[in-house]
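Throughout, protein chains are lettered first and strands after them, A, B, ... in sequence-line order, and every chain is numbered starting at 1.
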There are 2 protein chains.
Amino acid sequence: MSEDLVSFFKVLSDANRLKIIGLLAQQPYSVEELAALLDLKASTVSHHLSKLSKVGLVSARADSYYNVYQLDETALQEKTRSLFSQEKLAASVADVDADAYDHKVIRDYTRKDGSLKIIPAQKKKLDAILRYVVKAFKVGKRYSEKQVNEILSTYHADTASLRRELVGANLMKREGGGGEYWREE
Amino acid sequence: MSEDLVSFFKVLSDANRLKIIGLLAQQPYSVEELAALLDLKASTVSHHLSKLSKVGLVSARADSYYNVYQLDETALQEKTRSLFSQEKLAASVADVDADAYDHKVIRDYTRKDGSLKIIPAQKKKLDAILRYVVKAFKVGKRYSEKQVNEILSTYHADTASLRRELVGANLMKREGGGGEYWREE
DNA sequence: AATCCAATTCGATACTTATCGAAATAAATT
DNA sequence: AATTTATTTCGATAAGTATCGAATTGGATT
């Protein structure tokens with residue numbers, strides 16, 4: 001998940017936490033010792049260790065009074081190795097808004113005046129464009145084929161294709177006999 | 001440098017910046033397109049791109065009106081590969097005062113005149129105090145037990161305990177027969 | 001030259017979080 | 001049981017920063 005990646009980086013994006021990792025790479029330390037070494041209060045160090053522990057980079061073992069923390073080096077190596085794998089990159093964009101995709105396609109295929117440069121061949125892009133074009137029609141209102149063509153001609157010369165695709169995508173309905181069209185929902 | 005590492009992680013510890021990286025891993029995008037895809041304002045995206053660019057992960061090329069940003073994949077691989085190398089870890093603790101723990105213990109247990117409030121019970125703290133006390137003796141010089149006691153009495157009334165602990169910690173040596181003491185090394 | 005458009009910069013705001021001190025917890029020694 | 005010691009948790013504060021809108025900049029197009 002993308003969340004994982006963000007929190008991992010968040011945990012590592014603090015100078016004192018990196019120092020703790022560096023110190024624990026040499027030998028285990030108690031909270032008190034780390035506090036003295038870093039010139040921080042124990043509560044602050046505890047806070048940092050809690051974050052490091054939450055992503056599995058350090059662990060503690062009780063030793064008399066002390067909580068002795070140690071670095072999990074294999075976890076560190078493992079996590080850093082696969083940081084920007086293909087899956088992680090894909091996951092990071094997984095939740096990018098689908099609407100946003102439409103907007104991007106529309107931007108790519110329209111001119112400043114809103115007309116279409118070309119009608120996309122790819123289905124996904126075509127769908128996005130159709131959702132954009134259909135907004136020119138009022139919901140429920142009836143249009144003759146001539147009216148439909150007039151409106152579509154402001155987008156592209158090939159009004160027949162646009163009309164057919166709109167119906168095919170179920171964005172517009174057509175009454176068989178009278179040649180009337182309307183936008184549903 | 002440690003600074004480098006922290007800022008690198010800081011740059012990557014934001015969900016939208018990770019999304020930008022994920023998107024640019026697919027293809028270059030302009031600021032405007034990224035803003036649409038991420039549902040952010042252009043100024044915000046610009047802010048993010050500026051940070052990404054500052055650590056060398058992305059670069060821009062001008063294309064007509066647009067600034068088209070692209071990911072520097074080799075830089076990304078390079079930086080992530082060596083994230084926690086030995087040198088980086090060492091650098092992160094370079095400015096940590098190794099004696100800080102001793103100093104803190106000494107502060108806690110001594111009065112202004114340098115004498116001890118009490119002799120610590122805990123071994124680690126006692127060791128730190130002993131390392132402090134032993135400095136009153138010259139390396140190699142021979143001391144009679146009476147002389148040792150005189151010197152130790154400036155630190156604490158319980159000279160016998162101090163003397164015994166110093167020998168036990170191997171900070172001072174004692175010759176069995178003549179009752180002579182000296183500080184080694 | 002004048003105008004447009006995207007990008008950037010700037011100022012303000014809201015949210016996150018590192019840090020501390022105090023209180024609560026835990027564990028061990030007396 | 002009572003006390004000491006280290007750690008954790010909690011509440012408050014201060015510093016950092018993501019985000020936005022407005023103003024400015026810098027290139028293109030007219």
Side-chain angles (χ1 to χ4, degrees), chain A residues 3 6-20 28-55 58-70 103-104 107-108 110-114, chain B residues 3 6-20 28-55 58-70 101 104-105 108-109 117-126 128-129:
Chain A
E3 276 314 306
V6 174
S7 37
F8 181 71
F9 283 127
K10 271 198 174 46
V11 164
L12 293 177
S13 63
D14 178 272
N16 282 323
R17 280 198 286 271
L18 288 184
K19 286 182 189 173
I20 289 176
Y29 281 104
S30 70
V31 177
E32 192 183 34
E33 289 170 318
L34 288 173
L37 287 167
L38 298 172
D39 195 25
L40 293 173
K41 297 302 171 185
S43 61
T44 303
V45 173
S46 188
H47 165 76
H48 288 315
L49 288 169
S50 156
K51 296 211 158 192
L52 288 169
S53 150
K54 208 160 277 178
V55 295
V58 307
S59 59
R61 73 183 154 77
D63 180 16
S64 168
Y65 283 145
Y66 305 92
N67 253 5
V68 178
Y69 280 84
Q70 56 203 342
H103 291 143
K104 170 179 163 12
R107 162 150 297 283
D108 287 348
T110 57
R111 303 194 185 85
K112 285 168 222 158
D113 64 2
Chain B
E3 275 315 304
V6 172
S7 38
F8 181 71
F9 283 127
K10 271 199 174 44
V11 165
L12 293 177
S13 63
D14 177 272
N16 283 322
R17 281 199 285 273
L18 288 184
K19 287 182 189 173
I20 289 176
Y29 282 105
S30 72
V31 177
E32 194 183 33
E33 288 170 317
L34 288 173
L37 286 167
L38 298 172
D39 194 24
L40 293 173
K41 298 301 169 188
S43 61
T44 303
V45 173
S46 190
H47 164 75
H48 288 315
L49 288 168
S50 155
K51 296 210 158 191
L52 287 169
S53 147
K54 206 160 280 178
V55 294
V58 306
S59 59
R61 74 183 154 75
D63 179 15
S64 170
Y65 284 144
Y66 305 91
N67 254 3
V68 177
Y69 279 85
Q70 54 203 344
Y101 181 76
K104 176 180 173 347
V105 173
D108 289 348
Y109 282 85
K117 299 174 188 169
I118 62 170
I119 301 176
Q122 290 183 298
K123 175 157 173 42
K124 279 181 180 172
K125 296 182 179 176
L126 177 60
I129 289 298

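Using a 4.0 Å heavy-atom criterion, one finds that B:Lys125 contacts the sugar-phosphate atoms exclusively. Looking at heavy-atom distances under 4.0 Å, B:Ser30 makes contact with sugar-phosphate atoms alone, never a base.
Residues A:Leu18 and B:Phe9 form a side-chain contact, since some pair of their non-hydrogen atoms from C-beta on lies under 4.5 Å apart.
Considering only the side chain of A:Thr44, C:dC20 comes nearest among C:dC20, C:dA7, D:dC20. For B:Ser46, the listed nucleotide lying nearest its side chain is C:dA7; candidates were D:dT19, C:dA7, C:dC20. Here the nucleotide nearest the side chain of A:Tyr69, chosen from D:dA28, D:dT8, C:dA6, is D:dT8. Checked against D:dA28, D:dT5, C:dT17, the side chain of B:Tyr65 finds its nearest nucleotide in D:dA28.
Note: CG (A:Leu52) to P (D:dT8) measures 12 Å, nearest angstrom. Atom NZ of A:Lys51 is separated from atom C1' of C:dT16 by 9 Å (rounded to the nearest Å). Nucleotide C:dA6 holds its P atom 18 Å from the OH atom of B:Tyr29, rounded to whole Å. In this structure, A:Asp63 atom CG and D:dA6 atom P are separated by 13 Å, rounded to whole Å. The separation between A:Lys10 atom NZ and C:dA18 atom C1' is 14 Å, rounded to whole Å. For the pair B:Lys54 NZ and C:dT8 C1', the interatomic distance rounds to 12 Å; values are reported in whole Å. Distance, A:His47 NE2 to D:dA15 P: 17 Å, rounded to whole Å.
Within the helix from C:dA1-D:dT30 to C:dT30-D:dA1, the inter-axis angle between the opening and closing five-pair segments is 20°, rounded to 10°.
Mapping B:Ile118 and B:Leu40 onto DNA chain D by nearest heavy atom places B:Ile118 closer to the 5' end of the strand. Both B:Ser50 and A:His48 lie near DNA chain C, and the one whose nearest nucleotide falls closer to the 5' end is B:Ser50.
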Can you give each donor-acceptor pair under 3.5 Å made by side-chain atoms of residues 29-44 of chain A, sequence neighbours left out, with the distance rounded to 0.1 Å?
{"from": "A:Ser30", "atom 1": "OG", "to": "A:Glu33", "atom 2": "N", "distance (Å)": "3.2"}
{"from": "A:Ser30", "atom 1": "OG", "to": "A:Glu33", "atom 2": "OE1", "distance (Å)": "3.2"}
{"from": "A:Glu32", "atom 1": "OE2", "to": "B:Lys125", "atom 2": "NZ", "distance (Å)": "3.3"}
{"from": "A:Glu33", "atom 1": "OE1", "to": "A:Ser30", "atom 2": "N", "distance (Å)": "2.9"}
{"from": "A:Glu33", "atom 1": "OE2", "to": "B:Lys124", "atom 2": "NZ", "distance (Å)": "3.2"}

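A donor and an acceptor atom never sit less than 3.5 Å apart when one is taken from the side chain of B:Ser64 and the other from the base of D:dG27.
An OP1 or OP2 oxygen of C:dT19 is reached within less than 4.0 angstrom by a side-chain nitrogen or oxygen of A:Asn16.
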